[in-house]
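Comments concern the structure below.
Values below: all heavy atoms of this structure, side chains included; hydrogens, waters and symmetry mates excluded.
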Amino acid sequence: MNNRRYNILMPANRILIRKLGILLVLISLFTAAVSAQDRVRPRALAVSPDRSCVVTANRIAGTLSFVSLEEMQLHSNVEVSEVEVSEVDVGNEPLDVLWLSDSIIAVAVYRDQCVKLFEREGSHLQFLRTISLAGHPVSMTHARNSQELLVSLQHPDSVQCISVDSGALLREYHCGNLPRFLVLSPDETWFCVTCELPGSLYCFDRITGQLLSRPEAHQTAFNLGQPELFSGSEVIVPLTINRDFPITEGNLTRGWAVNNRLAKFNVPSGNELEQSQFGLDVRGHGVADLTLVRSNPAGTKLAVLASGAQELILLKTSDLIWPTSGVDDFAPHYLTETPGILTRIKIPGRPIDLEFLDNETVLVANEMQDSLCLIDLKLGSITKELKLSHSNHKSEIARGEQIFYDGLRSKDGWMSCHTCHYDGHTSGQMFDTLNDVTYDTKKLTLSLHDVAKTEPWTWHGWQPDLTESMSKSLRETMHDPHAASFDDARALASYLETLKPISATKLPASVDREAGRELFYGKGGCISCHQEPDFSSGLRYAVGRVESHSIYQVFNPPALRGVSSRRRYLHHGRAHSLKQVLTLYHRPEETSGAELTEDEIEQLVNFLSGL
């Protein structure tokens, strides 16, 4: 456990700490490459039931930070320094944290495929135990009456109900692709989970496991954010709409590339057609990456975080009009023309999670600033900010990461790199950009995991320089209003070098991957184009299925490490499983001439799923 007090130190103490820091770096040489002194990146926060303290799950540092909220609020300056921040290691990429009681904390550790429990002891956290899971946990909610933990899992996709006391799996709910965010009914009898591809909301009876409804968001919705249960029978979800037009500068300004909206669904068993949507983008001012919506305790205000646009949008609930028909390209005029309905509060960085402390005060986790921000909604400004890291965030990697998540680097702020490449992976969406030099040639968004190792780049493999590829994306896809410099492109490329594939799907012990391995290296001929160590190739191949008007007739094979973490495949995105790839769109008999039996196809899929 690392415990730090951030305050004004005497020079001798500074020297001692620096020497200790060097020693810690040497000790950790074979562990994480990025220390909490560099990028912490709080992804989630949870305020204790007694409102005395707050815990953040720090995605990059792999830690929990524990802070006295009372001390932070009593501090007289906006920049809070003399407040103790207790920090404890939890594992690889924690994404969510919540309080199970006044003293017990649960944290979902995504890449370690587990939930870890900690106990509060004074101003510190003590590790209790680990609950291993069958997949990668994204978010959690707690049924307190029965002491059950609902956890959304990816790779494989499901929601699991875990006993807090024993850690045993009680129930499993089979849902859609890539489940992320959960909301539990007040009486704990049902819950909803957001899913992707297609963007939808799955509602289950918590006790019986019965699927109560599965409303799909109208149009092509993706990147569904953290929902809010409102008035007991409605769930409001922030989301992005893929408008399916070419990503030109003109289409961005018209709202024809993406839209950022709120959607309202009747739950738990409402009709899909009863949903309503309205946009929050206005002409010249997009609100990239809506990640969360929360209601204040009185139900009079909705707080919406636009993480890419770096702002909090405050809405007066009594004056909101939810349309029953089509949605305009921009926010309804009344939102901006009627005083008091919509208020914007700027939060430079990346506001990513939020809790109301009372009706007029919120606490925000600011990911790119590595800080906690207290915001007075009446004043419309940050009143306290506590840094969770000593870093000045001027390293090349940190600057590249900030550019990646910054929606203000796109024309009018409609989207960020993250919008299409969710956390550096893929949104699974098809977009029509100039990456292949022409429009009307939509392509599936590629994952950026291990992208720095898999040159050349783009689906057609025409780009030999990753830095120049970043520069072109900023200019011609994002239509960056800033003059993107070589340093910007280089920083972005440096950040991409840190992105690693998601670990393979856990397969049952009874599954024999060796037979699939033999097919991959032998009869199937896959190794010819997908070569170790990343199961990719620096060459380009003519495999057919090219648009007739495309100037390229060849493709560069994408890397297969972590391939089971994707939900759409091939440049046209028509394959929704590895089995479909091998039986419908990229059959071995058409590529290598090998005819595989159904059993052999299954064996090959099992091998690929374990990469």
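In this structure, His155 and Tyr110 have perpendicular ring planes: the angle between them is above 60°, well past the 30° mark. The aromatic rings of Trp462 and Tyr552 sit parallel, their planes meeting at an angle under 30°, below the 60° perpendicular limit.
Residues Asp244 and Lys442 are paired through a salt bridge, judged by an N-O separation under 4.0 Å between the basic side chain and the carboxylate. Taking the charged nitrogens against the carboxylate oxygens, Arg490 and Glu497 do have a contact shorter than 4.0 Å, which makes a salt bridge. A salt bridge does not link Glu532 to Arg561: none of the charged side-chain nitrogens sits closer than 4.0 Å to a carboxylate oxygen. In summary, Glu249 and Lys411 engage in a salt bridge, as defined by a charged side-chain N under 4.0 Å from a carboxylate O. Checked for salt-bridge contact, Glu216 and Arg214 meet the test: a charged N lies under 4.0 Å from a carboxylate O. For Asp353 and Arg43, the salt-bridge test fails: no basic side-chain N is under 4.0 Å from an acidic carboxylate O. The pair Glu602-Lys579 fails the salt-bridge criterion, with no side-chain N (NZ, NE, NH1 or NH2) lying under 4.0 Å from an Asp/Glu carboxylate O.
No side-chain heavy atom of Val40 sits less than 4.5 Å from a side-chain heavy atom of Ile60. Using a 4.5 Å heavy-atom cutoff, the side chains of Met415 and Met478 are in contact. Between Leu578 and Val563 there is a side-chain heavy-atom pair separated by less than 4.5 Å. Counting heavy atoms from C-beta on, the side chains of Ser536 and Leu560 never come closer than 4.5 Å. Counting heavy atoms from C-beta on, the side chains of Ile131 and Cys114 never come closer than 4.5 Å. Two residues are said to be in side-chain contact when any heavy atoms from C-beta on lie closer than 4.5 Å; Leu153 and Leu133 meet this criterion. Using a 4.5 Å heavy-atom threshold, the side chains of His425 and Ile502 count as touching. At least one side-chain heavy atom of Thr194 sits less than 4.5 Å from a side-chain heavy atom of Leu201.
Looking at Lys387 and Gln369, their side chains do bring a donor and an acceptor atom within 3.5 Å of each other. Side-chain contact, Asp289 with Ser416: a donor N or O sits under 3.5 Å from an acceptor N or O. Looking at Glu87 and Thr63, their side chains do bring a donor and an acceptor atom within 3.5 Å of each other. Side-chain atoms of Glu172 and Ser158 form a donor-acceptor pair, as typed in the model, at a separation below 3.5 Å. Side-chain polar atoms of Thr426 and His449 form no donor-acceptor pair below 3.5 angstrom. Counting only N and O atoms by type, the side chains of Glu396 and Ser494 include a donor and acceptor under 3.5 Å apart.
To the nearest 0.5 Å, the span separating OG1 on Thr458 from CG on Asn556 amounts to 7.5 Å. The NE2 atom of His479 sits 6.0 Å away from the OG1 atom of Thr248 when rounded to the nearest 0.5 Å. Here the straight-line distance linking atom CG of Leu492 with atom SG of Cys417 works out to 5.0 Å at 0.5 Å rounding. Atom CD1 of Ile601 sits about 11.0 Å away from atom CD of Glu595, to the nearest 0.5 Å. Within the model, atoms SG of Cys195 and CG of Leu178 stand 8.0 Å from one another, a figure rounded to the nearest 0.5 Å. Here the straight-line distance linking atom CG of Asp436 with atom NE2 of His460 works out to 5.0 Å at 0.5 Å rounding.
Only one option out of Phe607, Tyr521, Phe520 pairs with Cys526 in a side chain to side chain contact (heavy atoms under 4.5 Å, CB included); it is Phe520. Residue Asp370 is tested with Arg39, Arg350, Arg41 for a salt bridge (Lys or Arg N to Asp or Glu O under 4.0 Å); the sole match is Arg41.
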**Message:** Apply ring pair (Phe, Tyr, Trp, His ring centres under 6.0 Å) to residues Tyr585 and His572 and explain how you reach the verdict.
**Reply:** CA-CA 10 Å; Tyr585 303 108; His572 48 58; 5.3 Å; yes
**Request:** Show the numbers, then the answer: is there a side-chain hydrogen bond (donor to acceptor under 3.5 Å, both in side chains) between Gln429 and Asn242?
**Result:** CA-CA 8 Å; Gln429 293 296 307; Asn242 181 353; 3.2 Å; yes
**Item:** salt bridge (charged side-chain N to carboxylate O under 4.0 Å, His left out) evaluation trace for Arg409 with Asp488
**Value:** CA-CA 11 Å; Arg409 297 303 296 257; Asp488 289 341; 3.0 Å; yes
**Message:** One pair to check against salt bridge (charged side-chain N to carboxylate O under 4.0 Å, His left out): Glu196 and Arg567. What are the steps and the verdict?
**Reply:** CA-CA 9 Å; Glu196 300 288 322; Arg567 296 297 174 270; over 6 Å; no
